[in-house]
J.: 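Take this structure first; my questions come after.
Counting starts at 1 for both ligands and their atoms, following the listed order.
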Amino acid sequence: MISHLALYDVVGTPGVAADLAHIDTPARVTAHTGDAELGAALAGAALVVIPAGVPRKPGMTRDDLFNINAGIVATLAQGVARYCPLALVAIISNPVNSTVPIAAEILKAAGVFDPRKLFGVTTLDVVRARAFVAEAAGVEAGAVDLPVVGGHAGVTILPLISQAKPRVGLPLATVAALTARIQDAGTEVVTAKAGKGSATLSMAYAAARFANSCLVALAGGEGVVECAYVACSDAPAGAPFFARRVSLGPSGIAASLPLGPLSSPEISGLDALAGELAASIDKGAEFGRAWVAKQGG
Ligand code: LMR
């Protein structure tokens, strides 16, 4: 699906490009390094995937990354506004609950915000939920599908195990333990890596799945549905951004799908996530507005 893969970083891009260029696909790979080459990296892009920034160390929350990653995402969002304002933008950089609202403010200030085209990538939460629930149910991984809604940090990650297809019929205590494990799965990796970063390989797998879905939808493919953290006007508790199932089309989000019937622990989970999600969104939006003001509008 990729004709041109343009890589951008502040350092080390040519090595990654040389490595990727040896893969036998038709994709042309180019390397771009530093501010002066951001425009060349973004020009003509249909999909921009942003994994930039620093990862967590043990003991850190995703929000502890805010001070470093917020400015990086703001700069890249400004690049998108200038050089490829029609592109779909998929943000992986943490804290996703705040970095997506930051990007939205930058795009709004530039007059190019299209809520159908901005995504926080939460696919790894779905991948983990599918893996853990299948394991607990004793079925093959990949045989179970379920939505994960809310956001992408701790209790804001809400797997809807009651909607698993096929139905898994697990005891309530198992469902509670699985929910907690899915919510803490990023921390499980951070702890296991013991200071050497956070999930990279499962994240790459999840991001590739999400990016591929975007490209299939952009090319007119039908029936593409993914969970993603997106702007919405009808989310629970009025949250302006919420992870949910969306169907994708050639212009980005074609429709946000209803949450569907929730179990009573899931309703409690929704209540529990509302405060933290709202605070993370406000923090990101305020940073974005201040960043725009500092750049002189
Ligand atoms: C993850 O979910 O693995 C990523 O968001 C990285 C992290 O810090 O947990």
J.: Identify, for atom 9 (O) of ligand 1, the protein heavy atom at the shortest distance, and state residue, atom and that distance.
T.: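 Looking at atom 9 (O) of ligand 1, the protein heavy atom closest to it is Arg56 NH2, 2.6 Å.
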
J.: Hey, what do you get for CG (Leu7) to NE2 (His32), rounding to the nearest 0.5 Å?
T.: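 Leu7 atom CG to His32 atom NE2 measures 7.0 Å (nearest 0.5 Å).
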
J.: Could you list which atoms of ligand 1 come closer than 4.0 Å to a heavy atom of Ser198?
T.: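 Every atom of ligand 1 under 4.0 Å from some heavy atom of Ser198: 6 (C), 7 (C), 8 (O).
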
J.: Name all residues meeting the ring pair (Phe, Tyr, Trp, His ring centres under 6.0 Å) criterion together with Phe210; count only those two or more places apart in sequence or in a different chain, and write none if there are none.
T.: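 Scan of Phe210 (ring pair (Phe, Tyr, Trp, His ring centres under 6.0 Å), adjacent residues dropped) gives Phe119.
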
J.: Quick one: does ligand 1 sit under 4.0 Å from the side chain of Asp125, the backbone, both or neither, non-hydrogen atoms only?
T.: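 Answer for Asp125: neither.
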
J.: Is the closest heavy-atom distance from Arg62 to ligand 1 below 4.0 Å?
T.: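 Yes; Arg62 lies near enough to ligand 1 that a heavy-atom distance drops under 4.0 Å.
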
J.: Could you identify the single nearest non-hydrogen protein atom to atom 6 (C) of ligand 1 and state the distance to 0.1 Å?
T.: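 Checking every protein heavy atom, the shortest distance to atom 6 (C) of ligand 1 gives Asn94 ND2, 3.5 Å.
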
J.: Going by the atom numbers of ligand 1, which of them fall below 4.0 Å from some non-hydrogen atom of Gly186?
T.: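 Answer, ordered by atom number: 1 (C), 2 (O), 3 (O), 9 (O).
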
J.: For Ser256 and Asp234, does a side-chain donor sit closer than 3.5 Å to a side-chain acceptor?
T.: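 Short answer, no.
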
J.: Out of curiosity, Ile91 CD1 to Leu118 CG, how far, rounded to the nearest 0.5 Å?
T.: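 Here the interatomic distance stands at 5.0 Å.
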
J.: Before signing off on this row, confirm whether Thr187 and ligand 1 have an N or O atom pair separated by under 3.5 Å.
T.: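 No; the residue has no nitrogen or oxygen that sits under 3.5 Å from a nitrogen or oxygen of the ligand.
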
J.: Using a 4.0 Å cutoff against the non-hydrogen atoms of Ala199, which atoms of ligand 1 qualify?
T.: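 Selected atoms, number and element: 3 (O).
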
J.: Which ligand 1 atoms does His152 reach within 4.0 Å, using its non-hydrogen atoms?
T.: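 This gives 1 (C), 2 (O), 4 (C), 5 (O) as the contact atoms.
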
J.: Just checking, any donor-acceptor pair under 3.5 angstrom between side chains of Arg56 and Thr187?
T.: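 Looking only at side-chain atoms, Thr187 and Arg56 do form a donor-acceptor pair, the distance falling under 3.5 Å.
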
J.: Mind checking the CG-CD1 spacing from Leu76 to Ile50? Nearest 0.5 Å is all I need.
T.: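 Leu76 atom CG to Ile50 atom CD1 measures 5.0 Å (nearest 0.5 Å).
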
J.: Could you pull out all residues at least two apart from Arg181 that satisfy salt bridge (Lys or Arg N to Asp or Glu O under 4.0 Å)?
T.: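 So Arg181 forms a salt bridge (Lys or Arg N to Asp or Glu O under 4.0 Å) with Glu135, Glu188.
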
J.: Can you find a non-hydrogen atom of Arg128 under 4.0 Å from ligand 1?
T.: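 Contact check Arg128 vs ligand 1: positive.
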
